[in-house]
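Report on the structure given below.
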Number of protein chains: 2
Amino acid sequence: MTAVLVVDDDTYLLRALRITLQAHGYDVVAAPDGRSALLAAQQQPPALVILDLGLPDMDGSAVIRKLRGWSSVPILVLSARHGSEDKVQALDAGADDYLTKPFGLDELLARLRALLRRSAEAEPPALITTEAFTVDLGKRRVLRDGQDIRLTPTEWKMLEVLVRNPEKLVTQQQLLSEVWGPAYAKETNYLRVYMAQLRRKLEPEATPRHLITEAGIGYRFLP
Amino acid sequence: MTAVLVVDDDTYLLRALRITLQAHGYDVVAAPDGRSALLAAQQQPPALVILDLGLPDMDGSAVIRKLRGWSSVPILVLSARHGSEDKVQALDAGADDYLTKPFGLDELLARLRALLRRSAEAEPPALITTEAFTVDLGKRRVLRDGQDIRLTPTEWKMLEVLVRNPEKLVTQQQLLSEVWGPAYAKETNYLRVYMAQLRRKLEPEATPRHLITEAGIGYRFLP
DNA sequence: GCCCGGCGTCAAGGATTCGTCAAGATCCCC
DNA sequence: GGGGATCTTGACGAATCCTTGACGCCGGGC
């Protein structure tokens, strides 16, 4: 069943959402604040997150950014504010949709279907395997000899960009702007440091076979 | 550049959108009705579609369904109606987002960014094949007997210029200015050195069959 | 047959870039 | 606040790449 994580401190709204969603065949997990939401998302990864911006413990955009640090689950944001600044902020933080209260439950359900449809399309190539290691893009995990390897958020993002473009040359600027942001296009130092860490964790032999460097241009992932 | 197809019969709004989008680095294609929109989407596939539901010739949801018949391009719907039925209908027809007029341009841009972020798509293959080797322009790669050949940045640029002009004569000045810059138009030495390296890496036989020199003029690539 | 310009070849040097390491700085959870 | 993990930053040899000059070959013109 499709699991939906609902993050809201409004007990009444939470109840209404739970009943409606369950009636439409979704599996509902609830969290009243940002911390418990992040915890719940980690312990049982949902297919979608419905997030109220007005949380008691932390800023909504902060929750989105933290979640995006290790998950690519679709996020639908709820808010009572009509101002567009909040919307822009939330969407740029990594949210996928934004709904202003009050809203119709049928609209919520329709947007939810649209988001799930999209993420289902993007799903297929979720598992990439090489002789040395296996990358699970959906679960954000890397396995090597059955053991799962611990990667830091930055290491993961970098590996993800490379793995999503198999055999393709990824430019240094492309990597830097996707992992650190467009403003870091000159910091090729970072690439060398993190590539070394990735290789130390993933490449069994001394000479890299899957994470190849193309001198002067960028890097390339070979399955 | 990112191409956006804007479908709207409101001339004023169209102008505003075109100016704003172009100012943010998007390439705008406009269509005033459903028929021309579908045609335009087919002829030059955009990275995203902004669709006004109130079209003169056909129902908005019908346009979405037709488009979805052969394309998975993200669709952002605009509408003046506040009723939720239209939203549900459009979203379930295959739209990805829905914005009610009047809306803020910064919110539109933010939603647009969120949609484009989601659709990380693959580019066309762009393969050029000869008897001896295969050039993959998209992945920036050269294959020979299944093995991939390692080229330096300069070698690659030179090969790329030649391969993008198959069977055509590329003059020395053209090559030099595209690879090294216009200031190097006299350094024909470079061409000889790098052409020799390319041939050693790509041509199986002693006499070149694909990288031909036209004495006194330039070089030519034969597939 | 001789001269000469354009081309292919080679190798050395100098310039860039890369891998590596380790020491701060920063963030985050307890 | 304290401690651990993570992220920056700088420096250094090592590897790679680019530039440069010299040399021989070939073909056309005289």
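Proteins get letters first, then strands, A, B, ... in listed order; numbering begins at 1 in each.
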In this structure, is the centre-to-centre distance between the rings of A:Trp180 and A:Tyr194 below 6.0 Å? yes

Which nucleotide in the set D:dC18, D:dA11, C:dC21 lies at the smallest distance from any side-chain heavy atom of A:Arg200? C:dC21

Is the number of heavy atoms from other residues, nucleotides or ligands under 6.0 Å of A:Arg15 CZ greater than 12? no

Given DNA chain D, 5'-ward residue of the pair B:Gln197 and B:Arg192, judged by closest heavy atom: B:Gln197

Contact class for A:Arg150 vs. all strands (heavy atom < 4.0 Å): base, sugar-phosphate, or nothing? sugar-phosphate

When you measure from the side chain of A:Lys201 to the backbone N and O of A:Arg150, does any donor-acceptor pair fall under 3.5 Å? yes

Residue pair A:Trp180/B:Val193 against DNA chain D: nearer the 5' end by closest nucleotide is A:Trp180

Looking for any heavy atom pair under 4.0 Å, which part of the strands does B:Thr188 touch: base, sugar-phosphate only, or nothing? nothing

Looking for any heavy atom pair under 4.0 Å, which part of the strands does B:Gln172 touch: base, sugar-phosphate only, or nothing? sugar-phosphate

B:Thr152 side chain near D:dC17 phosphate (N/O to OP1/OP2, under 4.0 Å): no

Considering just the side-chain nitrogens and oxygens of A:Tyr219, establish if one lies under 4.0 Å of OP1 or OP2 belonging to C:dG19. yes

Using a cut-off of strictly less than 4.0 Å, decide whether B:Tyr194 has a side-chain nitrogen or oxygen near OP1 or OP2 of D:dC18. yes

Short side-chain N/O contact from A:Lys157 to OP1 or OP2 of D:dT6, under 4.0 Å: no

Evaluate the ring planes of B:Phe221 and B:Phe133, with Trp represented by its six-membered ring, and classify them as parallel (under 30°), tilted (30 to 60°) or perpendicular (over 60°). tilted

